Amino acid sequence: MDIDQTSQAEGKYWENVISTLQNDGLDFRTREDFVAKDPKYFWEDGDLMKMIMPYPKAFLKSQIKPGMKTLDLGSGSGGNSYLMAKLGADALGVDVQEENIRYLNQELKKEPELKIRFEVNDLNVATFPENQFDLVLSWNSFHHIKNTDHLIQEIQKSLKPDGLFILLEHQHTHSMFRKALGAFFWLLLPTRERFMEKFQLIRGRAHGKSEETLSPAEDSADHDYLDSLKKAFVLEDERAYLGFTGPFIARIRAGKGLKSFLVKMVDGLDRAFIKMRLIKGEQLFLVLRNRK
Ligand SMILES: C[S@@+](CC[C@H](N)C(=O)[O-])C[C@H]1O[C@@H](n2cnc3c(N)ncnc32)[C@H](O)[C@@H]1O
């Protein structure tokens with residue numbers, strides 16, 4: 001299939017991320033148990049994710065019944081597709097990473113008992129057969145898609161009546177209050193960086209310098225797709241995580257007990273601020289039911 005230049009660059013970018021993490025000890029099929037050697041961000045630390053947001057994965061697992069057909073949009077390293085297949089689903093993972101998909105399909109030959117396949121496709125233009133899937137998943141992939149109206153229509157069309165669309169999504173939040181809280185706790189807590197280094201990094205961020213490189217199609221959606229999603233589907237659940245802690249929580253360094261205490265403390269505060277609607281969460285979890 002023809003994949004445009006931006007989507008190709010996007011695929012290459014994520015292939016590089018996966019191989020860097022793989023060199024750091026990632027087992028791509030058990031993403032849940034993955035922890036990078038020296039994680040900088042929450043998404044590089046599987047243990048931390050389990051501590052602060054266990055619900056999305058637990059909910060996903062609870063929805064999988066043997067024989068159901070699932071579609072994983074932007075399946076990346078394949079962890080969620082494997083998870084669903086291991087629970088008995090007939091799983092399809094779709095991504096724009098051509099080399100990685102070849103690799104995953106090769107690896108699958110070692111586990112012929114699993115009903116799983118990966119396909120290369122660009123979600124900006126991909127079409128799916130009608131009434132096929134019981135569950136569609138997008139795990140931190142949707143915000144890389146430009147043509148979101150098209151994708152929403154395809155999800156609705158391909159879901160069976162009453163089928164479920166599960167969305168975990170990364171939201172950039174630009175609130176000054178959130179940034180100030182993040183900077184305060186980052187400076188205060190023991191982290192992988194020393195005080196002066198943190199100070200320089202925070203100053204750099206305030207002047208628009210980010211240490212995190214963004215993927216070529218990051219936040220490329222052509223409009224606010226969350227509104228469109230809520231109109232197109234029936235919203236059954238909405239949760240948010242990581243209000244101000246996202247930039248530093250994975251960087252906390254202390255003995256095991258103290259680290260766990262500090263993580264729980266800032267995460268508890270974070271949840272309270274989100275609940276009081278003082279800040280928005282960086283990670284948004286939505287459960288959407290098809291209207292058909
Ligand atoms: C942040 S990663 C998430 C990967 C995976 N869902 C996970 O949680 O590990 C975003 C994924 O979206 C994929 N992606 C980005 N743009 C895409 C497009 N236009 N079509 C298909 N996949 C795309 C990337 O290749 C990447 O695997």
Side-chain angles (χ1 to χ4, degrees), residues 1-22 24 26-36 39-46 48-50 53 56-57 60-61 70-85 91-104 116 118-128 135-152 154-155 158 165-172 212-222 225 241-242 246 282-285:
M1 75 161 304
D2 271 350
I3 294 179
D4 76 22
Q5 258 186 343
T6 311
S7 297
Q8 260 182 21
E10 180 73 8
K12 284 277 159 246
Y13 174 90
W14 287 107
E15 273 172 347
N16 280 335
V17 171
I18 290 176
S19 57
T20 309
L21 294 178
Q22 216 147 349
D24 242 6
L26 161 78
D27 176 353
F28 62 89
R29 284 163 298 177
T30 54
R31 176 79 192 246
E32 275 191 296
D33 298 323
F34 159 64
V35 185
K40 264 194 186 171
Y41 305 105
F42 61 86
W43 54 272
E44 295 174 355
D45 185 339
L48 185 71
M49 296 283 269
K50 274 189 224 162
M53 42 187 293
K57 201 65 107 174
L60 172 63
K61 284 183 186 168
T70 63
L71 170 63
D72 183 6
L73 301 169
S75 47
S77 52
N80 282 322
S81 291
Y82 265 92
L83 179 79
M84 295 190 278
L92 169 63
V94 172
D95 204 290
V96 78
Q97 299 178 25
E98 294 176 80
E99 271 176 46
N100 189 43
I101 295 261
R102 257 198 301 278
Y103 171 68
L104 287 170
I116 176 170
F118 291 98
E119 277 177 14
V120 177
N121 215 329
D122 178 355
L123 295 173
N124 284 304
V125 291
T127 57
F128 298 105
L135 187 149
V136 175
L137 175 73
S138 170
W139 202 264
N140 273 325
S141 307
F142 217 90
H143 61 289
H144 300 285
I145 307 306
K146 184 167 189 285
N147 204 353
T148 50
D149 279 345
H150 165 78
L151 183 56
I152 291 171
E154 285 302 312
I155 298 169
S158 65
F165 176 40
I166 297 181
L167 177 85
L168 183 72
E169 202 37 1
H170 184 257
Q171 296 285 293
H172 283 286
E212 193 174 9
T213 53
L214 297 180
S215 75
E218 186 92 22
D219 285 331
S220 63
D222 46 13
Y225 52 88
Y241 303 88
L242 292 147
E282 212 176 295
Q283 287 280 289
L284 197 63
F285 179 64

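In listed order, ligands and their atoms are each counted from 1. Start at 1 with the first residue, then count along the sequence. In this text, all values refer to a predicted model and were calculated from it rather than measured experimentally.
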Colleague: Is Asp122 close to ligand 1, meaning an N/O of one under 3.5 Å from an N/O of the other?
Modeller: yes
Colleague: For ligand 1, is there an N or O atom under 3.5 Å from any N or O atom of Ser75?
Modeller: no
Colleague: Considering the heavy atoms of Ser141, write down every atom of ligand 1 situated less than 4.0 Å from one of them.
Modeller: 6 (N), 11 (C), 12 (O)
Colleague: Determine whether a donor-acceptor pair (N or O, by modelled atom type, separation under 3.5 Å) exists between the side chain of Asn100 and the backbone of Gly76.
Modeller: yes
Colleague: In terms of atom number and element, which parts of ligand 1 are under 4.0 angstrom from non-hydrogen atoms of Asn121?
Modeller: 20 (N), 21 (C)
Colleague: Under the 3.5 angstrom rule, does the side chain of Glu154 hit a backbone N or O of Phe128 as a donor-acceptor pair?
Modeller: yes
Colleague: Classify the side-chain pair Tyr103/Glu15 by whether it contains a donor and acceptor separated by less than 3.5 Å.
Modeller: no
Colleague: Closer than 3.5 angstrom, by distance alone: can the side chain of Asp122 be matched with the main-chain N or O of Ile3 as a donor-acceptor pair?
Modeller: no
Colleague: Would you say the side-chain atoms of Asp72 pair up with the backbone N or O of Gly93, donor to acceptor, closer than 3.5 Å?
Modeller: no
Colleague: Just let me know how Trp139 lines up against ligand 1, side chain, backbone, both or neither, with a heavy-atom cut-off below 4.0 Å.
Modeller: both
Colleague: Select the closest option to atom 15 (C) of ligand 1 among Glu10, Gln8, Lys146, judged by heavy-atom distance.
Modeller: Glu10
Colleague: Give the numbers and elements of all ligand 1 atoms closer than 4.0 Å to a heavy atom of Gly76.
Modeller: 4 (C), 27 (O)
Colleague: Hey, does Val94 come in under 3.5 Å of ligand 1, counting only N/O atoms on both sides?
Modeller: no
Colleague: For Ile145, counting its heavy atoms only, list the atoms of ligand 1 lying under 4.0 Å from any of them.
Modeller: 16 (N), 17 (C), 18 (C), 19 (N)
Colleague: I want to know if ligand 1 touches Trp14 in the polar sense, i.e. an N/O pair below 3.5 angstrom.
Modeller: no
Colleague: Give yes or no for whether the N/O distance cutoff of 3.5 Å, strictly under, is met between Leu123 and ligand 1.
Modeller: yes
Colleague: For this output row, return yes or no: ring centroids of Trp14 and His144 closer than 6.0 angstrom.
Modeller: yes
Colleague: Any heavy-atom pair between the side chains of Met84 and Leu60 that's under 4.5 Å?
Modeller: yes
Colleague: Under 3.5 Å, is there a donor-acceptor pair between the side chain of Ser75 and the main chain of Gly78?
Modeller: no
Colleague: Taking non-hydrogen atoms only, is Asp72 closer than 4.0 angstrom to ligand 1 via side chain, backbone, both or neither?
Modeller: neither
Colleague: Just by distance, with hydrogens left out, do Asn140 and Gln283 show a side-chain donor and acceptor under 3.5 Å apart?
Modeller: yes
Colleague: Which of the numbered atoms in ligand 1 are below 4.0 angstrom from a heavy atom of Asn124?
Modeller: 19 (N)
Colleague: Going by the closest heavy atom to atom 10 (C) of ligand 1, which one wins out of Leu168, Val96, Val125, Asn140?
Modeller: Asn140
